[in-house]
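Below is one structure, written out as structure tokens; comments come after it.
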There are 2 protein chains.
Amino acid sequence: MPSEMALGEMLPEEAVRDAAHGGMDDVYSKPGHLIRRLQQIAVSVFAQECADHDITPVQYAALVAVRDNPGLDATRIAALVAFDRSTIGNVLERLEGKALIERRANPDDRRVKILKISRRGARLLDACEPAVLRAQDRMLDPLDARERKAFTTFMRRIIAQQDQPK
Amino acid sequence: MPSEMALGEMLPEEAVRDAAHGGMDDVYSKPGHLIRRLQQIAVSVFAQECADHDITPVQYAALVAVRDNPGLDATRIAALVAFDRSTIGNVLERLEGKALIERRANPDDRRVKILKISRRGARLLDACEPAVLRAQDRMLDPLDARERKAFTTFMRRIIAQQDQPK
DNA sequence: CGCTATTCCTCCGTATACTGTCAATTCCCG
DNA sequence: CGGGAATTGACAGTATACGGAGGAATAGCG
């Protein structure tokens with residue numbers, strides 16, 4: 001086994017499993033496990049492609065949402081990108097810390113803080129768009145066009161069902 | 001919008017998006033976002049089904065790995081379930097805290113700590129197996145048998161490609 | 001107009017998740 | 001056999017992720 005083994009290059013999974021157990025139709029084949037692995041891969045690929053831009057997938061999604069919907073508050077941005085209210089708070093804090101967004105109090109309703117992307121944030125989004133597209137593409141690399149469409153459809157359907165239970 | 005909105009019941013996503021923007025072929029349709037949502041749902045469904053057992057998906061996976069491969073150390077368990085070495089450390093610590101596993105020093109190699117499931121851990125795994133199966137099933141609910149097979153195949157293929165990059 | 005319910009943000013606590021580092025230990029090659 | 005390389009567990013630091021509590025502010029109803 002290689003010494004310092006980043007997740008991206010981790011491969012002994014099957015080998016270890018076969019050597020130790022040999023189970024095949026086990027936990028490792030269940031959707032829960034596969035989905036977690038998929039998410040791991042998605043984050044890893046995104047990080048690789050966007051290494052120069054110092055931004056995470058979550059921060060990217062939030063930043064896009066803020067850009068495309070200026071004037072919304074944190075709660076509504078959270079709903080857009082499907083984040084928890086608590087989580088979005090930290091993410092926006094980091095974005096503000098990097099001067100990618102601006103948070104301003106709303107005079108009309110002093111509970112809310114209005115969100116707006118900064119010029120710097122807009123520039124960053126433009127700059128990393130090719131990398132993001134590459135990342136999205138690389139994830140689905142082993143699927144052909146028809147399979148990609150089917151895969152996306154399946155994911156959408158599962159998500160939609162969860163959004164409207166019954 | 002309902003006041004206390006848990007993630008499982010969050011649904012205004014589309015509504016907010018349509019009202020504010022109307023974008024369709026945007027970030028929200030990209031695999032990265034869909035996969036993150038899928039993982040969210042998987043965790044949420046698991047938590048719902050296993051609420052009585054006080055165990056998380058990650059802890060469950062680790063516990064099964066320890067049960068099925070007694071005598072392995074943390075690094076090898078991590079490779080089995082595709083966790084980071086740091087992450088597995090915390091997970092095992094919690095499992096040991098709940099007395100679900102036992103960690104013992106290996107006399108032959110004093111770097112290593114041998115892992116073994118406890119009787120309590122084994123009982124818990126037996127107890128929550130039905131709930132776990134229900135959870136795995138509910139995730140793929142909107143897909144029929146053939147689609148489930150295809151979906152699983154796609155996920156496996158993406159993961160395999162990432163494990164053996166070229 | 002006052003009171004209650006709601007909304008918004010923030011903070012706390014817990015659990016993943018990964019990188020990097022470190023000390024102790026063992027391995028292995030010369 | 002001696003010493004550098006590798007391995008293992010632990011720790012620090014950062015970033016998601018989610019539930020719950022709480023305070024400030026607003027809305028809505030009587």
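The sequence lines fix the lettering, A, B, ..., with proteins before strands; numbering per chain opens at 1. Worth knowing before you read on, the calculation uses all heavy atoms, side chains too, and leaves out hydrogens, waters and symmetry mates.
Each of A:Asp108 and A:Asn90 lies near DNA chain D, and the nucleotide nearest A:Asn90 is the one positioned closer to the 5' end.
Applying the 3.5 Å distance criterion, the base of C:dC18 shares no donor-acceptor pair with the side chain of A:Ser44. With hydrogens and angles left out, the side chain of B:Ser86 and the base of C:dT19 share a donor-acceptor pair within 3.5 Å. Judged by atom type and distance alone, A:Arg111 reaches the base of C:dT7 through a side-chain donor-acceptor pair under 3.5 Å.
Within the 4.0 angstrom heavy-atom criterion, only backbone atoms of the sugar-phosphate kind lie near B:Val91; the bases stay farther away. In this structure, A:Asp73 reaches the sugar-phosphate backbone alone: every heavy-atom distance under 4.0 Å involves primed, P, OP1 or OP2 atoms, never a base.
Comment: A:Glu93 does not engage A:Arg103 in a salt bridge, judged by the lack of any side-chain N to carboxylate O separation of less than 4.0 angstrom.
Taking side-chain N and O atoms only, B:Gln40 has no distance below 4.0 Å to OP1 or OP2 of D:dA17. Side-chain nitrogen and oxygen atoms of A:Arg94 include at least one within less than 4.0 Å of the OP1 or OP2 phosphate oxygen of D:dA15. Considering only side-chain N and O atoms, B:Thr56 lies under 4.0 angstrom from the phosphate OP1 or OP2 of C:dT16. Phosphate contact (OP1/OP2 of D:dA15, side-chain N/O of A:Thr87, threshold under 4.0 Å): absent. At least one side-chain nitrogen or oxygen of B:Arg103 sits closer than 4.0 Å to the OP1 or OP2 atom of D:dA10. For D:dA17, the OP1/OP2 oxygens have a side-chain nitrogen or oxygen of A:Gln39 closer than 4.0 Å.
Using modelled atom types, one finds a donor on one side chain and an acceptor on the other under 3.5 Å when comparing A:Arg37 with A:Gln40.
Residues B:Gln39 and A:Leu38 are not in side-chain contact: their nearest non-hydrogen atoms beyond the backbone lie 4.5 Å or more apart.
Between the side chain of B:Arg104 and the backbone N or O of B:Leu115, no donor-acceptor pair lies under 3.5 Å.
Distance from the side chain of A:Gln59 is smallest to D:dT16 among C:dT19, D:dT16, C:dT26. The side chain of B:Val112 lies closest to D:dG9 when the candidates are D:dG9, D:dA25, C:dT25.
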